[in-house]
Amino acid sequence: MRDFELFDRGILQVIMITLTGLFPSFTMAQSDQSFISCDYKNLALTEVIKDLENTYPLKFMYRAGDIDSIFVTYQSQKVPEKQFFAEFSKATGITFFVHHSGNIVLLRNFNISNRFPDNFFEGGGSSDSLTTQIQNAIPFKMEEFQYLEGQEQEDIEQQLIEVGDITQRFQGENAIVSGYVTDAVTGAPVVGASIFIKNPVKGVFTNQFGYYSIELPKTELEIFFSSVGMMESKRRMLLYSDGKVDIELRAEVVRMKEVVVFGERSNVDNLKTGNVKLDISTIKAIPAILGEPDVLKITLSLPGVQSVGEGASGFNVRGGATDQNLILLNDAIIYNPNHLFGFFSAFNPDAVSSAELYKSGIQANYGGRISSVLDVSLRDGNRKKFVASGGISPVTGKLTLEGPLNEKISYLVGLRSTYSDWLFSLLQDASLRNSSASFGDAVMKVNFEPNPENKLTFSAYHSRDKSRLNSDSTNRYFNNMVSLQWRHQYNSRLYGLVSASYSGYNYEIDFDQSPENAFDLKYRIGNSNFKGDFGYTLGAKHNLHFGINALHYQLDPGEIAPKSASSIVNADRLDSEQGIESAIYIGDEFEYSPRLSLYGGLRLSAFTLLGPGNVLNYQDELSREITSIRDTTMFSGGEAIKSYWGPEYRFSMRYKINNNLSFKLSVDRTRQYVHQLTNTTAILPTDTWRLSNTYIKPQVGTQYSGGLYQFFEKRGIEVSVEGYYKEIDNILEYKDGADLILNGALETDVISAKGQSYGAELLVRKNKGIFTGWLSYTYSRSFVKDTRKTGRDIINNSEFFPANFDKPHNLSVVANYKINRRVNLSSNFTYSTGRPITFPVTKYQLDRNVYAYFSERNQFRIPDNIRLDIGINLEGNHKVKKLAHGSWTLSVYNVFGRKNAFSVFSSSVDGELKVFKLSIFGNPIPTITYNFQF
Amino acid sequence: MTNKSIKWVVIIFLVIAPGSCIEPFDTEVAGIENLVVVEGRITDQPGPYRIDLSRSASLDDSTFKNIRNALVYIEEENGVKELLTEISPGAYFSSESGIRGQVGKNYQLTIQLDGGNQYESEWVQLKRSPEIDSVYSSFEEKPVDNDFESGFQIYVDSEDPTENVRFYKYEWIETWKYFAVFPAFFNYIGGDTGIETEPSGGSRFCWQTDTSNVINVGSSLNNTTTRISQHPVTFVSTESNMLVLRYSILVRQLALDEAEFEFWEGLAETNSDNGSIFDKQPQVVNGNIKNVGNPNEPVLGFFGASTVSEKRIYINRSALPDEVFLDRSLLVKCLNELDSIPRDENFKANVLQQISVGKVFFDFYGIIGIAGAVLTTPDCSDCTLQGGVITPPDFWLETDD
């Protein structure tokens, strides 16, 4: 008798045959003519099973919870085995399946389609060909069950393999095992898979190419390989010396959109604080508004991540501004990860494999932003066959094509586009009938693998948005990215990744209210990025990670030009800016003992703003006003206008109190040399990025973070509690009424401020089983302070005030329940404190009207936000021969229909000042999406 | 310029999400109140100049307190200083023959409150507002609330040949002539079956005047010249009664310096919040007046100095395109509420009964002789009930020539 949990993990490859009244007779794989006699009176099913196992050559597998409350009254006299089970099934309501090993699997409330070929029960073939028969018979795609492969895999797992050169087995105590972990079906590398031995406990993770390297004692070992959404695998080996072991993992049998966050226990084992990895299946499992799964929105349900409101673009991590997140797509920077002003993320979910968020414990290989790293990886194209997939929702259509070109090259192309313009034509609201808004994106990835040691990846990305919302101006904005990555395994100890990329963002506004006033406004930022990143295993206890990074920025910070000859708009252009940001780094993961691991890293980063350029000099450097400009210093091309540099130290430690409980600490220092200027509550596509200069100093952040991580093995539940304290210097605040577009003397409108935030985060997560999901609660505070001491326009008396995204309490519950193979329920509940707003403190009469007077910033809050979303996912049937494999997703956003405040504001109406609350999603919003694959 | 378009984003949200709504919201904010509010300016026209002093109120107050018994002075730099007289509560006036602004001179407002606090404005230079080039209109459709309304958009063009003025404030006074639908020409005074009436002097035509209360500022800062072109002033909707006969608008232009421009623009921006998270965040808008003893005390309002240039245009109903219908709701209502009373033995009782419920006499009917009387409601018979007066203003020209 084996615990049924194994089935859930997918190690068992199960052939399902239901025994129902429809098929009173059936054939089992190994027993042609067994007869069963029994007599049970109100006996617990568990006892019945014991009795059957003792009496007959039968083995049962089941999940204890399914059968423990069932009592059986049943009697039989020399009934053929097949008939026995048919009747037994009726009597108990339990469904029986026959596992290929001959074991009998019990399932409760499990209904599947049971169409068998006509000759199936006529018993024509030998038991050898039965397998084939069953294969043909089962109305599911065979690759989802992998009956044969599973058998092979089990065989491999039982074999004792020899690794290394037997002659070297006495030279030294340890040896290094390395290799690649790939997906057996698609051939894609499995990133972040854990490789571990249980005695003594020791483990590593695969890097972004699926490569791992682990130092192990030279002895007989059992090595386990596991990863999110994959079946666990293991190898038994005799380790003689350094050697290679490549592993193919299979996707879990039940290919449903299940909630799986980073591999169960890895948070206990690894050195990272504040780290969450999201698999695309997780992202797709959450009910999405308008049916579009969203990489960015899902991060909002994680502890420590917030946004200013529903539909707002950008996210805030542990009190950081939205521009303090390093958003990477295959190693290239994405400047505006949003479509439609933040309604959708700019990443096509079908082309993404995973997204990993680092809130703290950011290792030295990442840099350039203060608060977090969101590392989004594109999926590899399928290496084994051509696959086309797509989806249709009310707003978007998607198509993804992937496949191998030959054995060494695979590709993936993803396209997504809106056809939402039709929505506008239906509108009641007159002003919008002539409006339009649309977006699209395209992504491509090509892998070339001449041999296992080398892999070249080319990826490209383009996104575009266009909106014309009040019929006198058209906004367009674009992201562009190309990157080339070369991974090379030098030897079992050293691997390297060299990449070159370009990414950019630009927007254009056409204003054409009248020919005399028509203009074009443009902005552009672009950067070339070169990275060399290397990992080296040094002895048994050290893993070194080192590299260099150089970025060249090129900005056209703003240009306005008259659109026609009759336009009287003054052409204006801010000087281009260019700068170089570079860094070298080294970090060492040091395993002091199985319990204690340490990481120390140092990143030296430097930034130089390059000429040509002009710097305005002010009479008073500290309180800069347009009126106090003294003169201008001019710099010629290539000349350094201003340079900054500084060390960024990263430290973390993990101490394992026991095998399932660990304690971690980390300290991060980060520096940021580019800044997004925004004085609206939520960021806009027209908010510009600018480089550090003489007056805008680099932002410097320091975060102290620590936590406790516990894994409850039996229930598969992971619990973590983390706390942090963060300080940021030189963040940008804005003077009242600052104009940030086409501002040639930005420093007169920008204030250097200090940020301070702290908080505690609780995460309870269950990754395995029928019921999965997580609960996250965050208490956090974020404050900002004007660092100037004097001046007429000092903000809030130079005291700390709540940041726009300071929402102290945040609760999020994501739950996913598999009703059966084809039906999956999911829900998402969120509660958060209302965001702070600046609210009138008094009203007054002027010019025959009434106006509000605002004084200190962010001293009032909008009401709390509560929302529940639910979704149901229906897989189509799994027939082998049909045109497309389809699935339906039905979701309802804001089931309660609660009128959550999006904002509270005051407005003068007919000479009176009135206060209003705006709710955007005040009703439940249902959406249906169709996805297909063929 | 971008904020304007961004405002619509919120509306997109509203569209995608049918349940969205804007509703009144009760707040309890422990605010500050009783801030000093100063309103007024000096021009180059002869006095009196008016300065209003009041106090700010808490958000749920419905009235504003005036500041009485203050000593208010307007002073010319190196010149006269005049004490203003409080004519009505909180309204202080200079004398007709007293101080008079001159272009290029600097002026300061000083206020001594009853309690002793002393306030003063910065010195402001009196600027010359150039002549308005033209005021003109164009028939357009505009989204208003949830629908399109058609009407005349009024525009102004202006240019300062001396290139001194870059910033303007516009104010306007609209006057329009309209009519009563069923003007009463008789008042019923008695008679059982015979009818005794007297001429009522019924007010058939009225003129109504409305002064702008919306902040409207313009800048030529981003233009190649000091020219302001096609600057929108206001919109005259066909849904109103402004265009039923003849409409006139007087556009007044004031020259601003940058500080005053920023004050009005900031005030407008801060108070045109529509709940969008894409609006600029509200700001502290402080004017040019401060408490001498406590410079940190917020003082609201701005003391400005400018000449005023004006231009008036008329728009006749005939300027409307043929296919445009004016709002006919009042006409329909009045038709529906007409009552006819036949001249029979109950005539007097019926008429008196109608009059007792608020109807008024409109006219007689009958092809040969008087067959009965028609009564209507007061607002259909008397145009003054809609806010107008029956005498045209002095400037009024009945025709364009």
Side-chain angles (χ1 to χ4, degrees), chain A residues 308-309 311-312 341 427-432 435 437 469-470 473 475 509 511 514 516-517 568-570 679-682 684 686 736-737 838-849 851-855 860 897 903-908 913-923 925, chain B residues 1-2 4-6 8-9 11-25 27 29 31-33 35 37 39 54 56-59 64 143 146-148 211 213 215 222-225 227 229-230 262 266-267 269-271 273-275 277-284 298 300-301:
Chain A
V308 291
F341 303 93
L427 300 177
Q428 297 297 314
D429 190 302
S431 57
L432 286 173
S435 296
L469 300 173
N470 62 347
S473 70
N475 288 18
I509 297 171
F511 183 81
S514 71
E516 281 213 302
N517 294 325
I568 57 168
V569 172
N570 200 9
N679 59 352
T680 49
T681 306
L684 286 174
T686 50
D736 278 329
T838 305
F839 204 71
V841 287
T842 186
K843 65 179 179 185
Y844 63 108
Q845 234 173 349
L846 199 64
D847 228 20
R848 295 169 295 282
N849 209 335
Y851 295 102
Y853 181 77
F854 298 82
S855 97
F860 182 76
S903 59
V904 169
F905 61 100
S906 63
S907 194
S908 301
L913 191 76
K914 293 192 170 147
V915 179
F916 298 98
K917 178 181 95 167
L918 168 67
S919 329
I920 286 185
F921 305 106
N923 274 350
I925 304 167
Chain B
M1 58 198 125
T2 49
K4 201 168 150 195
S5 62
I6 291 320
W8 299 100
V9 172
I11 302 176
I12 288 216
F13 290 167
L14 301 183
V15 164
I16 294 175
S20 56
C21 64
I22 294 176
E23 53 194 16
F25 185 72
T27 52
V29 180
I32 47 173
E33 49 199 87
L35 298 181
V37 183
E39 177 173 11
S54 62
S56 73
S58 78
L59 294 186
F64 297 88
N146 277 332
D147 221 335
F148 276 122
T211 306
N213 67 350
I215 298 170
N222 292 330
N223 295 349
T224 45
T225 64
R227 187 169 160 74
S229 163
Q230 225 173 324
E262 281 178 358
L267 197 58
E269 252 174 23
T270 306
N271 280 280
D273 195 339
N274 54 22
I277 49 174
F278 302 116
D279 280 338
K280 260 190 200 176
Q281 298 195 52
Q283 43 179 293
V284 180
L300 312 178

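Here is how names work: the chains are called A, B, and so on, in the same order as the sequence lines, proteins then strands, and each is numbered from 1.
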For A:Y851, which atoms come within 4.5 Å of any heavy atom of chain B: side chain, backbone, both, or neither? both
In this structure, which one of A:T842, A:V841, A:L846 forms a side chain to side chain contact (heavy atoms under 4.5 Å, CB included) with B:S56? A:T842
Closest non-hydrogen atom pair, B:F64 against A:Y844: CE2-CA, 3.6 Å
Show the nearest heavy-atom pair for residues B:Q283 and A:F854, with the distance to one decimal. O-CB, 3.8 Å
What are the two closest non-hydrogen atoms of A:V569 and B:N223, and how far apart are they? CA-OD1, 3.9 Å
With sequence neighbours left out, what residues match A:N849 under side-chain hydrogen bond (donor to acceptor under 3.5 Å, both in side chains)? none
Structural part of B:S229 lying under 4.5 Å from a heavy atom of chain A: both
Do the non-hydrogen side-chain atoms of B:L35 and A:Y853 ever get within less than 4.5 Å of each other? yes
Set of residues satisfying side-chain hydrogen bond (donor to acceptor under 3.5 Å, both in side chains) with respect to B:S54, sequence neighbours excluded: none
Distance check, rounded to the nearest 0.5 Å: B:E262 atom CD versus A:D736 atom CG? 11.0 Å
Closest non-hydrogen atoms of A:Q845 and B:V37, given as atom of the first, atom of the second and distance, are O-CG1, 3.5 Å
Checking heavy atoms, do the side chain of A:N517, its backbone, both or neither come under 4.5 Å from chain B? side chain
When every non-hydrogen atom of B:T211 is compared with those of A:R848, the smallest separation belongs to CG2-NE, 3.5 Å
A:K843 side-chain N/O to B:L59 backbone N/O, donor-acceptor pair under 3.5 Å: yes
